[in-house]
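Both backbone and side-chain heavy atoms feed into the values below; hydrogens, waters and symmetry mates do not. Residue numbers begin at 1 in each chain, while the letters A, B, ... track the order of the sequences.
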Amino acid sequence: MRIDPKVSQRIMVTVLSLATGLALVILFFIIIFILSKGIPVLNWKFLSTFPSKMGKAGGILPTIAGTFILTLVALVFAVPLGVGAAIYLAEYIREGKTTKIVRFGADCLAGIPSIIFGLFGFILFVVILKMGWSILSGGLTLAFMVLPTIIRTSEEAVKSVPYSWREVSLSLGATKWETIRKVVLPNAVPGILTGIILSVGRSIGETAAIIFTAGSSLRLPTSLFDSVRTMSVHFYILSREGISMKNAYGTAAVLVILILAINLAAYWILHRFTKRNT
Amino acid sequence: MNAIEVKNLSLHYGSFQALKNVNVQFQEKMITALIGPSGCGKSTLLRCLNRMNDLIEGVKITGVVNFRDINIYAPGTDVVELRRHVGMVFQRPNPFPLSVFDNVAYGLRVHQEMKKIQLSAIVERSLQATGLWDDLKDKLSETATELPLYQQQLLCITRLIAIEPKVILMDEPCSALDPIATAKIEELMLELKKKYTIVIVTHNMQQAARVSDYSGFMLMGELIEFNKTGRIFTNPDDKRTQDYITGRFG
Ligand SMILES: Nc1ncnc2c1ncn2[C@@H]1O[C@H](COP(=O)(O)OP(=O)(O)OP(=O)(O)O)[C@@H](O)[C@H]1O
Ligand SMILES: [Mg+2]
């Protein structure tokens, strides 16, 4: 028997809207759950003081600092490298074997579990290069981890800049590099930014790779060779070792708010840029 | 005097020959029109004159194009320098998504460091030359891509003449515009002719007849006939030209 197309249409719309609704409900549930448990713990003191008794009491100041500094170091390495590679792939070499291999490699790298990156970073940076558990080891490992994302999103962003703008720039006597700098890159910024924000999110949420490479020291770092603990790692240790669920939720709430804020900022930036460009 | 001289120019896109042994001279401070049916190679020939075809993969070019008596296809030619002197206006208006001012200033900024005052002066002078100044003088910081289409195209011409090229190549510059805007651009071309050599590709034969001094008729990659526009449109030598301009094909 054939189902009346109108009926099947209605069924599909219902199913799809239910699926969407369910996804939203789950998302909200998680956020509300974390915030309701965590927000009561939050106050200025929690954010601005050092933990004591391994985190059972006191605040999370060094883990906030650790999260920021690690993410920053990762970006400092990954963004120039990734955007550079993307420009090279999109503008300087022809579509062919090389681009395919690089792209395939990037896609494979993007799918590798972070703990493998952690192990790799541990062996290469911590042990072989003798950098120890440090911001540098952790930042470099994170950089490797997010590099594929940055390359691929930047490459798409660079490619999406209309050919006619490059053509006219060249026809006005600009060199290829001037054209890239003045026409291609500015118009690729929203896309590149998207990749960077995804990477920031991934860095902030990472635990395994960081424990392996940056350690979990609760002191404020004074150099790039100091070990740090990020908020995610702190949350993991607090809950895993049953030190303090209360402070774990407080940390989680800060993380969730931070991620929401970053995404909102990203949304706002993208919106402004795209409005200007179309 | 001729500004550009094309000798035995042939061009292949891969295995397809788009230009077949073209010989032509473009006179200085004259308007030359290239006409012919779709796909006959007009744009291809035009883009050979500032080496824009170099950007396309798999293009092979043989022959000579002399600009000021120097072959631009000779090895070692500075293509970037060439394009400062031989500029191009495209079929679709293509201003950058920048302000009106930054659009006009684009080429200038690329070519040399300039004080803001000097830059402003040239931007104003260029906008005046294309008749846009009165309309846009209060809109210099507005985004160019939001202007009406004909102003966008005029702005593209402004952006080009700001760098004072010697030759302006125009590839169907009016095909996206209405008749009133088209008339404005034609008027402008006649004005620009005093300073610049212009080569225009057009599908609009009235346009070719109205603005050009010389016309070339192309067919399947060949330049069939080249002569004074008056002659081409009233008494062409070749029957194929005759057929085309009387609308019997194409
Ligand atoms: N990039 C390219 N690769 C392969 N073939 C091309 C390319 N560009 C143009 N051609 C072919 O070369 C021929 C001439 O193209 P060209 O664009 O110069 O024609 P045209 O006279 O400008 O036509 P139109 O009036 O439609 O613009 C056409 O047959 C076209 O299909
Ligand atoms: Mg064409």
Participant: Identify which of A:Pro162, A:Ser164, A:Gly173 forms the greatest number of heavy-atom pairs closer than 4.5 Å to chain B.
Facilitator: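 With the most close heavy-atom pairs to chain B, the winner is A:Gly173.
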Participant: Mind checking which of residues 152-165 of chain B sit less than 4.5 Å from chain A, heavy atom to heavy atom?
Facilitator: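 Residues of residues 152-165 of chain B touching chain A at under 4.5 Å: B:Arg159, B:Leu160, B:Ile163.
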Participant: If you draw a 6.0 Å radius around CG in A:Leu264, do more than 12 non-hydrogen atoms from other residues or ligands fall strictly inside?
Facilitator: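 Buried by this count: over 12 neighbours within 6.0 Å.
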Participant: For A:Tyr92, does the OH atom have more than 12 heavy-atom neighbours from other residues, nucleotides or ligands under 6.0 Å away?
Facilitator: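 Result for OH/A:Tyr92: enclosed.
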Participant: Under 4.5 Å from any heavy atom of chain A, what part of B:Arg109 do you find: side chain, backbone, both or neither?
Facilitator: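 For B:Arg109, heavy atoms of backbone and side chain both lie under 4.5 Å from chain A.
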Participant: Is it true that atom CZ of A:Phe29 has more than 12 heavy atoms of other residues, nucleotides or ligands lying nearer than 6.0 Å?
Facilitator: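 For A:Phe29, atom CZ is not crowded (no more than 12 foreign heavy atoms under 6.0 Å).
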Participant: Please determine whether the number of non-hydrogen atoms from other residues, nucleotides or ligands lying under 6.0 Å from atom CD of B:Gln128 exceeds 12.
Facilitator: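 Yes, the 6.0 Å shell around CD holds more than 12 heavy atoms from other groups.
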Participant: Measure the CH2-OG1 distance between A:Trp165 and B:Thr145 for me, rounded to the nearest 0.5 Å.
Facilitator: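 Answer for the CH2-OG1 pair, A:Trp165 versus B:Thr145, is 7.0 Å.
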Participant: Does B:Tyr150, at its OH atom, have more than 12 non-hydrogen atoms belonging to other residues, nucleotides or ligands within less than 6.0 Å?
Facilitator: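 Counting other residues, nucleotides and ligands, OH of B:Tyr150 exceeds 12 neighbours.
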Participant: Chain A heavy atoms under 4.5 Å from B:Met52: which part of the residue, side chain, backbone, both or neither?
Facilitator: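 Only the side chain of B:Met52 comes within 4.5 Å of chain A.
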Participant: Is there side-chain contact between B:Val110 and A:Leu172, with heavy atoms separated by less than 4.5 Å?
Facilitator: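 Of all side-chain heavy-atom pairs linking A:Leu172 with B:Val110, none is under 4.5 Å.
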Participant: Output the distance between atom CG (B:Asn50) and atom CG (A:Leu170), rounded to the nearest 0.5 Å.
Facilitator: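 The CG atom of B:Asn50 sits 10.0 Å away from the CG atom of A:Leu170.
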Participant: Counting heavy atoms not belonging to B:Asp178, are there more than 12 under 6.0 Å from its CG?
Facilitator: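 Counting neighbours around CG of B:Asp178, more than 12 heavy atoms of other residues, nucleotides or ligands fall under 6.0 Å, so yes.
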Participant: According to ring pair (Phe, Tyr, Trp, His ring centres under 6.0 Å), does anything in residues 98-127 of chain B pair up with another residue at least two apart or in another chain? List the pairs.
Facilitator: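 As it turns out, the ring pair (Phe, Tyr, Trp, His ring centres under 6.0 Å) pairs with a partner in residues 98-127 of chain B, which skip direct neighbours, are B:Phe96-B:Tyr106.
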Participant: Could you state the interatomic distance from CD (A:Glu167) to CZ (B:Arg47), rounded to the nearest 0.5 Å?
Facilitator: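 Atom-to-atom, A:Glu167:CD and B:Arg47:CZ are 4.5 Å apart.
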Participant: Among the options B:Met88, B:Arg84, B:Glu57, B:Glu81, pick out the one with the most heavy-atom pairs lying under 4.5 Å from chain A.
Facilitator: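 Most heavy-atom pairs within the cutoff with chain A belong to B:Glu57.
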Participant: Name the option with the most non-hydrogen atom pairs under 4.5 Å to chain A; the candidates are B:Val86, B:Leu82, B:Asn94, B:Leu55.
Facilitator: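 Between B:Val86, B:Leu82, B:Asn94, B:Leu55, the count favours B:Asn94.
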